[in-house]
Every structure is written in structure tokens, then in C-alpha cells.
Undergrad: 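Next up is a structure, given as C-alpha cells.
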Amino acid sequence: MTDDPLCPLCLRPIPPHAKQSLHHLIPRLKGGKGGPTVLLHQICHNEIHATLTEAELARDYHTAEALRGHTRLAKFAAWVAKRPPDFHSKTPGGRRKRK
């Protein structure tokens with residue numbers, strides 16, 4: 001049993017040595033500065049920003065539940081959940097353009 005925090009996207013533990021980052025549930029550019037954040041695996045955070053624009057995040061995907069409910073992110077989470085907790089790879093494609 002581990003006391004490592006769980007990633008709210010893939011629901012895997014985040015070990016201290018794993019690449020990780022804080023995600024603003026409401027993007028800073030859309031009024032989320034100082035707002036709630038969640039700790040994610042870096043690969044999960046990259047996938048969120050490769051999938052959704054800042055506007056989409058602020059409008060429709062500002063909770064962990066909403067992020068897990070997005071079709072592409074749910075498919076990604078199911079795929080990455082089969083990997084070790086410290087798994088990381090480059091996210092294909094670029095980041096979505098800010099709107």
C-alpha cells in the first residue's frame with residue numbers, strides 16, 4: 001500500500017520520483033490564478049493541454065470528473081493506467097492553441 005497521491009486523471013499513484021506537475025482546474029489566463037489545482041502525472045497534464053483549449057478547460061472541463069468524462073482523455077487514461085506509475089513519454093502533436 002502506498003501513501004503516494006493519486007492522479008485525478010488516470011487514478012494511478014504519483015511516486016515522488018515521477019515527472020509531475022500542478023494543473024489549474026480553471027486556467028490562469030481564464031481567471032484561475034490562485035484557484036484550485038490538482039497534482040497530475042506530467043504525461044497526463046500534457047495530454048489535457050494537447051486535447052483541450054484554455055477556453056474549453058475554463059468552460060466545460062474544470063473538474064477532475066469532467067476531464068475523465070472527455071472521450072479522448074478517458075481513452076488516454078485507460079491506456080496509461082496499464083503503465084507503471086512513473087511512466088512518461090512525449091505527447092504526440094503540439095499543444096492546442098490558446099483562445
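Quick note: numbers below take in every heavy atom, side chains included, and nothing from hydrogens, waters or symmetry partners. Starting from 1, each residue takes its place in the sequence as its number.
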Undergrad: Measure the shortest side-chain to side-chain distance between L9 and F76 over non-hydrogen atoms and say whether it is less than 4.5 angstrom.
TA: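 They are in contact (side-chain heavy atoms under 4.5 Å apart), so the answer is yes.
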
Undergrad: Quick check on the hydrophobic clustering: are I48 and L11 connected, directly or via other members, by side-chain heavy-atom contacts under 4.5 Å?
TA: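 Hydrophobic grouping puts I48 apart from L11.
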
Undergrad: Find the distance between CD (Q20) and SG (C7) and round it off to the nearest 0.5 Å.
TA: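 Rounded to the nearest 0.5 Å, the CD-SG separation comes to 10.0 Å.
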
Undergrad: Rounded to the nearest 0.5 Å, what separates atom CG in L57 from atom CG in L52?
TA: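 Between L57 CG and L52 CG, I get 5.0 Å after rounding to 0.5 Å.
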
Undergrad: Starting from L73, can I reach L25 by hopping between I/L/V/M/F/W/Y residues whose side chains sit under 4.5 Å apart?
TA: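 L25 clusters together with L73.
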
Undergrad: Which atom pair, heavy atoms only, marks the closest approach of P85 to P13?
TA: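 Closest heavy-atom pair between P85 and P13: CB-O, 3.3 Å.
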
Undergrad: Is any side-chain heavy atom of R12 less than 4.5 Å from a side-chain heavy atom of D86?
TA: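 When only atoms from C-beta onward are counted, D86 and R12 do not touch, as no gap falls below 4.5 Å.
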
Undergrad: Taking all non-hydrogen atoms of both residues into account, name the closest pair between I26 and K30 and its distance.
TA: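 Looking at all heavy atoms of both residues, the closest pair is CG2-O, 3.8 Å.
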
Undergrad: Quick one: does I14's side chain get under 4.5 Å of L6's, heavy atoms only?
TA: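 When only atoms from C-beta onward are counted, L6 and I14 do not touch, as no gap falls below 4.5 Å.
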
Undergrad: Does H49 have its ring centroid less than 6.0 Å away from the ring centroid of H45?
TA: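 Close enough - the centres of the two rings lie under 6.0 Å apart.
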
Undergrad: Looking at NZ of K75 and NE2 of H70, how far apart are the two atoms once the value is rounded to the nearest 0.5 Å?
TA: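 The NE2 atom of H70 is 12.5 Å from NZ of K75, to the nearest 0.5 Å.
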
Undergrad: Look up atom CZ in R68 and atom SG in C44, then write down how far apart they are to the nearest 0.5 Å.
TA: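 Here the interatomic distance stands at 11.0 Å.
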
Undergrad: Is there a side-chain contact between P8 and L67 (heavy atoms, below 4.5 Å)?
TA: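 Sidechains of L67 and P8: no contact.
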
Undergrad: Take atom CZ in R28; do more than 12 heavy atoms of anything else shown fall under 6.0 Å from it?
TA: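 At most 12 heavy atoms, drawn from other residues, nucleotides or ligands, come within 6.0 Å of this atom.
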
Undergrad: Decide yes or no for H88 and H41: does some side-chain heavy atom of the first lie under 4.5 Å from some side-chain heavy atom of the second?
TA: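 No; the side chains remain at least 4.5 Å from each other.
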
Undergrad: Which atom pair, heavy atoms only, marks the closest approach of E54 to P27?
TA: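 Answer, listing the atom of E54 first, then P27: OE1-CB, 2.9 Å.
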
Undergrad: Rounded at 0.5 Å granularity, tell me how far CD in Q42 sits from CD in E47.
TA: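 Separation between the atoms: 12.0 Å.
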
Undergrad: Looking at NZ of K19 and CD1 of I43, how far apart are the two atoms once the value is rounded to the nearest 0.5 Å?
TA: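 Going from the NZ atom of K19 to the CD1 atom of I43 covers 10.0 Å.
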
